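Since we're looking at a predicted model, the values are computed, not measured. Note that the numbering runs from 1 along the sequence shown for the chain.
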Amino acid sequence: MGQSIAAKEFIKKEFAQKELTKKDFTKAEIKEMLLSEGSAQQELFTQARLTRENVFGNSLKVRGVIEISNACVKHCDYCAMSSHNPKLERFTLDAETILQTARHIRSTGIPIVFLQSGQTPRCDDLLYKVIPAIRKELDCEILLCVGEKPKSVYEAYRTAGADSYILKFEASNPALYESVTHSALKKRMECTAHIRETGMKLGTGSIIGLPGQTLDDIVDDILCAISMKPDFVSAAPFIANKGTPFEQMPVGDINRTLNAIAIWRIALPSALIPTVSALEYIHPEGQAAGLSAGANVIAVNFTPKANRDKYAIYANDRFIVGLDHAQKTAKKAGMRLLLCASEN
């Protein structure tokens with residue numbers, strides 16, 4: 001209880017002059033805000049929402065997601081799509097299925113087609129084909145999240161018509177990152193630099209509650225993202241995924257995840273911050289809570305039903321966000337979905 005009162009006074013002091021765009025938080029300040037609860041947490045969320053409203057009003061940006069492949073060359077211990085999981089049935093959508101699904105997305109008024117997959121070179125030629133086709137026919141924004149690639153591939157994506165790219169660093173502690181992904185953080189960070197060099201907008205972010213992660217690690221993750229000045233940033237709670245080495249581990253703390261969203265909103269006022277489906281998976285109305293903490297993006301899943309369960313990114317029974325759910329979530333938060341007129 002004492003911590004909550006102290007945190008509330010700290011937050012009030014920090015924002016007494018409505019200093020809503022403070023970017024130079026210290027580690028101690030971030031730790032205090034991460035641990036805030038009760039009325040102190042609500043004060044933090046209030047400041048985050050004010051920051052968001054100053055920049056974006058009450059609009060909630062919507063992305064239409066197509067998960068094009070669950071093939072992956074990486075073997076991260078938290079993901080059932082690991083190359084080390086022989087039980088997962090693999091799939092890769094064909095170009096026509098992707099294009100038809102993109103048409104469906106645009107018919108709903110969603111202006112962003114978000115193409116996501118595991119990290120696999122088999123998707124490169126497919127994307128070179130579908131990105132310009134989607135741009136030519138549907139004239140919409142294209143966002144990619146398909147992993148670490150050579151710089152030449154990122155350049156080819158950009159040339160094909162991709163606007164933005166998400167590559168989350170997941171954990172900024174190199175030792176922790178290596179222990180859970182069995183790969184080097186340095187390479188991943190180099191990839192983020194290459195993405196920026198192509199002219200694509202950059203998204204990044206982290207997982208809250210990874211096994212072995214400390215509170216100081218989360219503080220460093222928050223500072224790492226702030227230093228990158230990304231166009232998008234996201235916090236997702238760790239979820240124990242069946243069929244992985246971490247399947248018996250506890251889920252990430254939802255309050256620390258929400259507090260991270262709020263801190264990033266205040267420190268990065270113009271960033272797009274999603275309220276991820278993992279929040280809804282671990283807590284009823286979790287995505288509405290993400291909006292209350294300052295998020296302003298929601299992704300609606302349009303992956304063909306036959307393939308959704310195979311895209312085991314954080315759980316085999318993950319929460320699938322539909323357009324109705326997105327609309328209800330926005331209404332609960334006093335926001336409106338940012339849709340455009342259908343072109344079909």
Item to complete: Please check if the side chain of Asn58 supplies one atom and the backbone of Met335 the other of a donor-acceptor pair under 3.5 Å.
Response: no
Worksheet item: Would you find a donor on one side and an acceptor on the other, under 3.5 Å apart, between the side chain of Asn296 and the backbone of Ile273?
Response: yes
Worksheet item: Can you list the steps and then say if Arg122 with Ser69 is a side chain to side chain donor-acceptor pair (under 3.5 Å)?
Response: CA-CA 9 Å; Arg122 75 172 64 173; Ser69 178; 5.0 Å; no
Discussion item. How about NZ on Lys332, more than 12 heavy atoms from neighbouring residues, nucleotides or ligands closer than 6.0 Å, or not?
Written reply: yes
Practice prompt. Apply side chain to side chain donor-acceptor pair (under 3.5 Å) to Lys74 and Ser183, showing your working.
Written response: CA-CA 8 Å; Lys74 297 196 74 172; Ser183 58; 3.2 Å; yes
Worksheet entry | Audit row: Lys149, Glu190, salt bridge (Lys or Arg N to Asp or Glu O under 4.0 Å) steps and yes/no | CA-CA 10 Å; Lys149 303 286 181 177; Glu190 287 174 348; over 6 Å; no
Worksheet item: Do the side chain of Ser206 and the main chain of Ala235 share a donor and acceptor less than 3.5 angstrom apart?
Response: no
Fill in: Result of checking Ile131, Leu126, Thr92, Leu127 against Ile98 for side-chain contact (heavy atoms from CB on, under 4.5 Å)
Leu126
Discussion item. Just so I know, are the side chains of Tyr78 and Val180 near enough to count as touching, which here means a heavy-atom distance under 4.5 Å?
Written reply: yes
Worksheet item: Should Lys31 and Asp216 count as an ion pair when the cut-off is N to O under 4.0 Å?
Response: yes
Fill in: Sidechain-backbone polar pair: Asp217 side chain, Gln213 backbone, donor-acceptor under 3.5 Å
no
Discussion item. When you group the ILVMFWY residues by side-chain heavy-atom contacts below 4.5 Å and let the links chain together, are Val219 and Leu210 in the same group?
Written reply: no
Worksheet item: For the atom pair CG (Asn173) and OG (Ser179), what is the distance rounded to the nearest 0.5 Å?
Response: 8.0 Å
Discussion item. Is there a side-chain contact between Phe319 and Leu279 in this structure, where contact means two heavy atoms from C-beta onward sitting under 4.5 Å apart?
Written reply: no
Fill in: Exam field: side chain Arg188 to backbone Tyr177, donor-acceptor pair closer than 3.5 Å
no
Worksheet, complete the sentence: The reported gap from OG in Ser292 to CD in Gln287 (rounded to nearest 0.5 angstrom) is 13.5 Å
Item to complete: Among residues two or more places apart or on two chains, list those pairs meeting salt bridge (Lys or Arg N to Asp or Glu O under 4.0 Å) that have a residue in residues 245-259.
Response: none
Item to complete: Measure the shortest side-chain to side-chain distance between Pro211 and Met249 over non-hydrogen atoms and say whether it is less than 4.5 angstrom.
Response: yes
Practice prompt. Inspect the contact between Lys151 and Glu197 and indicate whether a charged nitrogen and a carboxylate oxygen are less than 4.0 angstrom apart.
Written response: yes
Worksheet item: Applying the 4.5 Å side-chain criterion to the ILVMFWY set and letting contacts propagate, would Phe246 and Ile207 be lumped into a single cluster?
Response: yes
Worksheet item: With under 30° as parallel and over 60° as perpendicular, where do the rings of Tyr128 and Tyr157 fit, or are they tilted in between?
Response: tilted
Worksheet item: Hey, mind stepping through Gln41 and Asn259 against side chain to side chain donor-acceptor pair (under 3.5 Å) and telling me if it holds?
Response: CA-CA 7 Å; Gln41 184 184 54; Asn259 291 347; 2.9 Å; yes
Worksheet item: Can you tell me how far the CG atom of Asp221 sits from the OG atom of Ser172, to the nearest 0.5 Å?
Response: 3.5 Å
Discussion item. For Val233, is there any backbone N or O sitting under 3.5 Å from a side-chain donor or acceptor partner on Trp264?
Written reply: no
Discussion item. Please determine whether the number of non-hydrogen atoms from other residues, nucleotides or ligands lying under 6.0 Å from atom NZ of Lys310 exceeds 12.
Written reply: yes
Practice prompt. Could you tell me whether the side chain of Glu155 reaches within less than 4.5 Å of the side chain of His194, counting heavy atoms only?
Written response: no
Worksheet, complete the sentence: Nearest heavy-atom contact between Glu148 and Tyr154 is CA-OH, 3.4 Å
Item to complete: Take Ile110 and Val300, measure what side chain to side chain contact (heavy atoms under 4.5 Å, CB included) needs, and give me the verdict at the end.
Response: CA-CA 9 Å; Ile110 296 175; Val300 177; 4.2 Å; yes
Worksheet, complete the sentence: Distance col, row Leu35:CG vs Ile30:CD1, nearest 0.5 angstrom, shows 12.0 Å
Worksheet item: So do Tyr281 and Ile239 actually touch side chain to side chain, heavy atoms under 4.5 Å?
Response: yes
Worksheet item: Given the rule that I, L, V, M, F, W and Y join up when any side-chain heavy atoms are under 4.5 Å apart, are Phe45 and Leu60 in one cluster?
Response: yes
Discussion item. Keeping Glu29 on the side-chain end and Thr26 on the backbone end, is there a donor-acceptor pair under 3.5 Å?
Written reply: yes
Practice prompt. Test side chain to side chain contact (heavy atoms under 4.5 Å, CB included) on Phe169 and Met228 and set out the steps.
Written response: CA-CA 11 Å; Phe169 58 78; Met228 293 171 72; 4.0 Å; yes
Worksheet item: Does the pair Glu178 and Lys187 meet the rule for a salt bridge (Lys or Arg N to Asp or Glu O under 4.0 Å), with working shown?
Response: CA-CA 11 Å; Glu178 183 173 349; Lys187 178 181 179 181; over 6 Å; no
Discussion item. Looking at Arg63 and Glu141, is there a salt bridge between them, counting it only when a charged N and a carboxylate O are closer than 4.0 Å?
Written reply: no
Fill in: Step-by-step side chain to side chain contact (heavy atoms under 4.5 Å, CB included) determination, Lys328 to His325
CA-CA 5 Å; Lys328 291 175 183 177; His325 170 78; 5.7 Å; no
Worksheet item: Mind checking whether His84 and His75 have parallel, tilted or perpendicular rings, split at 30° and 60°?
Response: parallel
Item to complete: Apply the test side chain to side chain contact (heavy atoms under 4.5 Å, CB included) to residues Leu272 and Lys61: give CA-CA distance (whole Å), side-chain angles for both, the deciding distance (0.1 Å), then the verdict.
Response: CA-CA 8 Å; Leu272 296 178; Lys61 201 155 190 174; 4.0 Å; yes
Fill in: Gap between atom CG of Leu143 and atom SG of Cys145 - 0.5 Å precision
7.5 Å
Fill in: Validation row: Thr192, Leu202 side chains within 4.5 angstrom (heavy atoms)
yes
Worksheet item: Is any side-chain heavy atom of Cys72 less than 4.5 Å from a side-chain heavy atom of Thr120?
Response: no
Worksheet item: Is the closest side-chain heavy-atom distance between Ser164 and Leu144 below 4.5 Å?
Response: no
Worksheet item: Would Ile105 and Leu338 show up in the same hydrophobic cluster when neighbours are defined by side-chain heavy atoms closer than 4.5 Å?
Response: no
Worksheet item: Would you say Arg90's side chain and Asn70's backbone share a donor-acceptor pair under 3.5 angstrom?
Response: yes
Worksheet item: Are Phe232 and Ile195 connected in a single hydrophobic cluster, I mean Ile/Leu/Val/Met/Phe/Trp/Tyr linked by side-chain heavy atoms less than 4.5 Å apart?
Response: no
Worksheet entry | Geometric cation-pi criterion Arg318 and Tyr311, 6.0 Å radius, 45° cone | no
Worksheet item: Which distance, rounded to the nearest 0.5 Å, do you find between the OG1 of Thr244 and the NZ of Lys242?
Response: 11.5 Å
Item to complete: Could you go through the side chain to side chain donor-acceptor pair (under 3.5 Å) check for Thr97 and Asp94 one step at a time?
Response: CA-CA 5 Å; Thr97 298; Asp94 59 74; 3.1 Å; yes
Worksheet entry | Heavy-atom neighbours of Lys129 NZ exceed 12 at 6.0 Å | no
Worksheet item: Salt bridge check: are Asp163 and Arg135 linked by an N-O gap of less than 4.0 Å?
Response: yes
Practice prompt. Give a yes or no answer on whether the side chain of Arg265 reaches the backbone of Ala271 with a donor-acceptor pair at less than 3.5 Å.
Written response: yes
Worksheet item: Do other residues, nucleotides or ligands put more than 12 heavy atoms under 6.0 Å from the CD atom of Glu89?
Response: no
Worksheet item: Can any side-chain N or O of Asn301 pair as donor or acceptor with the backbone N or O of Ile320 at less than 3.5 Å?
Response: no
